[in-house]
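I have placed the structure first, in the form of structure tokens, so that the comments after it can refer back to it.
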Protein chains: 2
Amino acid sequence: MNVRSYNLCPMARTSGSHSDITGPRLRAAAQRLFARQGYAAVSMRQIAAEVGVQAGALYNYIPDKQGLLFDLMKSHLDDLIAAWQAEAKGQNPLDALECFTRFHIRFHLERPDAVFIAYMELRNLEPENFAVIEDLRKRYETVLEDILRAGKESGVFSLPDTKLATMAVIAMLTGVTTWYRDDGRLSRDRIERIYWNMVRKAVGA
Amino acid sequence: MNVRSYNLCPMARTSGSHSDITGPRLRAAAQRLFARQGYAAVSMRQIAAEVGVQAGALYNYIPDKQGLLFDLMKSHLDDLIAAWQAEAKGQNPLDALECFTRFHIRFHLERPDAVFIAYMELRNLEPENFAVIEDLRKRYETVLEDILRAGKESGVFSLPDTKLATMAVIAMLTGVTTWYRDDGRLSRDRIERIYWNMVRKAVGA
DNA sequence: AGGTTATATGAACGCACGTTCATTTCAATC
DNA sequence: GATTGAAATGAACGTGCGTTCATATAACCT
């Protein structure tokens, strides 16, 4: 008998499934802790304590710590790309750029922890995992690059260097997550509007 | 006798000084490793191996690992602020903004490792160290905010929200360090020019 | 009620961590 | 050549790491 026998909230069981609510809770706890302290600084025992189990139990749901990080990052980027594909995209480059700007800010502000991890923990991925994530990130950047190129070619945007403008706009938009607070001075919609204004002017439209 | 007796490059001695070339080498090695792998993922033994000494010897130069991180970050921000103060600042808000833009890009591209650490390792600082660093970072941001406010008040810039524009411009400029490569397509001067163009347009000037 | 099986425990594994310290080394000085 | 003292060694400290596994538990099925 041990102290955990007093656990008042035993896991629900769904018979035949090997993943009840502990799996999602593990991922949620890991996401929170990795974002706040960094992958390398968080121990499996810390995550387990947050979930309410012993460390060994986590390995019913993940292959290892690295696999956990990879899953979190891949899920985030898969979500990001899927969400963009489900978005109304605009009929012309200017509309498309506004859609992208607003979508990017909205999506990223809703998932600050996932965003933080995806940008900060790249160096903690093993090479093959890194390649997968990097490919997804690049695919998303290409969305913006294509919009900017189309706008440049049709004369709507004025850009000396499309690739550089892509990086500049992405950096500017993603930067929102570093200072935004839910109880802050500005609403998300107002932030979207102000950023869209700056982006529009920055690309010369 | 041990294997290190074969070291062909014994440290210079300056008699009475307690800091020869090992001190700077320690800081340089730590900066490189922290930037590449992250503070928490780098061990003192790794740093020592890079310097060419045993781990124990490092403690002749630093109080502990945390103190090493703090010193690196504080030195970087002190350098940044001092360098800006030594810079020609421009006679009006538009000139000042161009000076700042070019200065920021130039300074950051010259110290990619220090920049990376200063932005990524904030969460690994103990609270009192964090407060010091955060204060310096804020002081630097205020430089840009003051320029933007002055320009807005004199009608040169068109900004719905000065604070937000400050964060957007800083994020955009600092983002250069995430993709810039020394052997890349664009020269630093060309990058400065293109970014200045985008910043100028973004603030409506 | 008994058997099955998914899930959790808790101890253990070998290893690496940050840090300390008695001892050794060796260039500079006398 | 002897003395000095800053600087480095290398072993040791206690701790915590990621991961494994035999065992225990409890919800489900028959």
Side-chain angles (χ1 to χ4, degrees), chain A residues 1-27 29-30 33-34 37-71 124-126 129, chain B residues 1-27 29-30 33-34 37-71 124-126 129:
Chain A
M1 291 309 113
N2 63 78
V3 87
R4 296 216 65 266
S5 303
Y6 295 107
N7 189 342
L8 297 173
C9 175
M11 305 288 106
R13 306 294 293 281
T14 50
S15 175
S17 163
H18 54 82
S19 141
D20 56 12
I21 68 169
T22 300
R25 291 226 293 162
L26 159 56
R27 294 165 53 87
L33 289 170
F34 286 169
Q37 305 174 221
Y39 172 75
V42 174
S43 73
M44 296 304 287
R45 285 172 178 83
Q46 246 184 294
I47 298 171
E50 190 96 351
V51 175
V53 298
Q54 295 300 315
L58 302 183
Y59 291 83
N60 289 321
Y61 304 94
I62 56 165
D64 49 28
K65 194 188 180 189
Q66 168 77 197
L68 173 56
L69 175 62
F70 176 67
D71 273 359
N124 286 306
L125 288 173
E126 285 160 11
N129 289 340
Chain B
M1 288 310 110
N2 65 76
V3 87
R4 295 216 64 267
S5 303
Y6 296 107
N7 190 339
L8 298 173
C9 174
M11 306 288 105
R13 306 294 293 283
T14 50
S15 175
S17 164
H18 54 82
S19 142
D20 57 12
I21 67 171
T22 300
R25 292 227 292 163
L26 159 57
R27 293 164 55 87
L33 289 170
F34 287 169
Q37 305 172 223
Y39 172 76
V42 174
S43 72
M44 296 305 286
R45 284 171 178 82
Q46 248 184 292
I47 298 171
E50 189 98 350
V51 175
V53 297
Q54 295 298 317
L58 302 183
Y59 292 83
N60 288 321
Y61 304 94
I62 56 165
D64 50 29
K65 194 187 181 189
Q66 168 76 198
L68 174 56
L69 175 62
F70 176 67
D71 272 0
N124 286 306
L125 288 172
E126 286 159 11
N129 289 340

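Convention: sequence-line order gives letters A, B, ...; per-chain numbering from 1.
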Taking side chain as C-beta onward, heavy atoms only, is Ile47(B) less than 4.5 Å from Phe34(B)? yes

Side chains of Arg27(A) and Ile62(A): does their closest heavy-atom pair fall under 4.5 Å? no

For atom [atom1] of [X] and atom [atom2] of [N], their distance in whole Å:
X        : N       : atom1 : atom2 : value
Met44(B) : dC13(D) : CE    : P     : 21 Å
Gln46(B) : dA16(C) : CD    : P     : 12 Å
Gln54(A) : dT19(D) : CD    : P     : 16 Å
Asn60(B) : dT9(D)  : CG    : P     : 10 Å
Ile62(B) : dT20(C) : CD1   : C1'   : 13 Å
Ile21(A) : dA27(D) : CD1   : C1'   : 14 Å
Gln66(A) : dC17(D) : CD    : P     : 18 Å
Asp64(A) : dC17(D) : CG    : P     : 17 Å

Atom CG in Leu33(B), atom CD in Gln46(B): separation rounded to 0.5 Å? 5.5 Å

Rounded to the nearest 0.5 Å, what separation is found between the NZ atom of Lys65(B) and the CG atom of Asn124(B)?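 So the gap between those two atoms works out to 8.0 Å.
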
Does the side chain of [X] get closer than 4.0 angstrom to OP1 or OP2 of [N] through an N or O atom?
X        : N       : answer
Ser43(A) : dG16(D) : no
Tyr61(B) : dA6(D)  : no
Tyr59(B) : dA6(D)  : no
Thr22(A) : dA8(C)  : yes

Between Arg45(A) and Ala57(A), the residue closer to the 5' end of DNA chain D by nearest nucleotide is Arg45(A)

Donor-acceptor contact present, side-chain Arg45(B) to main-chain Ala55(B), <3.5 Å: no

Which is more 5' along DNA chain C, the nucleotide nearest Ala55(A) or the one nearest Ala41(B)? Just name the residue.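 Taking each residue's closest nucleotide, the earlier one in sequence belongs to Ala55(A).
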
